[in-house]
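As structure tokens, the structure follows; a few thoughts come after it.
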Amino acid sequence: MSARRIHRLLATLAASAIALVGAPLAASPASAAGTLATTICYDVSQAGSFTSTAHSAASIWNNYTNNINMSNCGTNLRIYQIYGGGSYAVRTSLGNGRVYIDTYQAQQYSPLRIMTHEIGHILGLPDNYNGQCSLLMSGGSAGTSCTNPYPAATEAARVDQLFGGLTRTATPSGVFQGSWPAPVPVS
Ligand SMILES: [Zn+2]
């Protein structure tokens, strides 16, 4: 049996075990057969008035993807409220980093769109400043009237591709190998 087939088998067994004993914190069954969602713990202790916005953005990403599970459980992602300088994200590795939301910018643009956009960077998406409001990663280029906080299907699919559960070794980029918590202990 090839290593990949063994991986698949282990993933299936792990998913079955989870179904029997309940999902541990670090992993939950995803809809795609044989994959497990990667939990991304975020921290809102410094998010100030954007705390509820952060929770809403996390829910959106959870609803639009299969392979990630954002949860208010730790510090893979820290969210900060800042005053001036513009909103931005610092991704230290896939699923890890910091998001800064500029209070003044959030008075012009939709705070929720800013939040989901910046989290999109943490999830591996680049900017795409083409002005299309239907895209989340077009960011501010879509203008202040654009309040769409939802990722387009292509954007959500890219995140699912990057976080391929136990099959992520099949994705082209290995940049996050070893820097991410194991999705589930398999013994
Ligand atoms: Zn951006």
Side-chain angles (χ1 to χ4, degrees), residues 37-165 168 171-177 179-181:
T38 298
T39 295
I40 299 170
C41 288
Y42 65 92
D43 176 88
V44 291
S45 63
Q46 294 165 95
S49 66
F50 296 116
T51 297
S52 65
T53 308
H55 294 319
S56 298
S59 292
I60 287 172
W61 277 113
N62 286 343
N63 288 338
Y64 276 73
T65 57
N66 294 313
N67 292 341
I68 63 165
N69 173 36
M70 296 194 67
S71 179
N72 181 20
C73 58
T75 56
N76 293 118
L77 165 59
R78 298 178 194 268
I79 297 168
Y80 297 84
Q81 179 174 23
I82 58 174
Y83 296 84
S87 305
Y88 63 104
V90 177
R91 185 176 69 231
T92 51
S93 64
L94 187 69
N96 288 280
R98 305 180 296 278
V99 159
Y100 300 85
I101 306 297
D102 180 352
T103 307
Y104 305 127
Q105 197 172 53
Q107 291 167 355
Q108 293 183 290
Y109 295 87
S110 159
L112 184 55
R113 177 170 164 84
I114 295 173
M115 185 71 76
T116 49
H117 172 100
E118 298 304 342
I119 291 175
H121 287 311
I122 302 299
L123 302 179
L125 298 179
D127 280 316
N128 182 1
Y129 289 143
N130 66 1
Q132 292 181 20
C133 189
S134 59
L135 293 183
L136 187 57
M137 300 317 289
S138 65
S141 73
T144 55
S145 65
C146 175
T147 60
N148 170 35
Y150 304 111
T154 50
E155 294 172 320
R158 176 59 179 158
V159 170
D160 272 336
Q161 182 187 28
L162 290 170
F163 289 87
R168 73 165 66 87
T171 61
S173 172
V175 69
F176 29 91
Q177 292 293 320
S179 64
W180 192 254

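In each ligand, atom 1 is the first atom listed, and ligand 1 is the first ligand listed.
Considering every non-hydrogen atom in both I60 and P151, the closest pair reads CG2-CD, 3.7 Å.
At a cut-off of 2.8 Å, measuring from the Zn ion (ligand 1), the protein N, O or S atoms that fall short of it are H117 NE2, H121 NE2, D127 OD1, waters left aside.
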For a side-chain contact (heavy atoms from CB on, under 4.5 Å) check, start with the C-alpha distance between L136 and W61, then their side-chain angles and the critical distance, and finish with the verdict. CA-CA 11 Å; L136 187 57; W61 277 113; 3.5 Å; yes
I would like to know whether Q105 and S87 meet side chain to side chain donor-acceptor pair (under 3.5 Å); could you show each step before the answer? CA-CA 7 Å; Q105 197 172 53; S87 305; 2.6 Å; yes
Stepwise side chain to side chain donor-acceptor pair (under 3.5 Å) test for N69 and S71: CA-CA 6 Å; N69 173 36; S71 179; 5.4 Å; no
Would T116 and Y150 satisfy side-chain contact (heavy atoms from CB on, under 4.5 Å), going step by step from the backbone distance to the final call? CA-CA 7 Å; T116 49; Y150 304 111; over 6 Å; no
Residues I122, R91; criterion side-chain contact (heavy atoms from CB on, under 4.5 Å); working and verdict: CA-CA 5 Å; I122 302 299; R91 185 176 69 231; 4.3 Å; yes
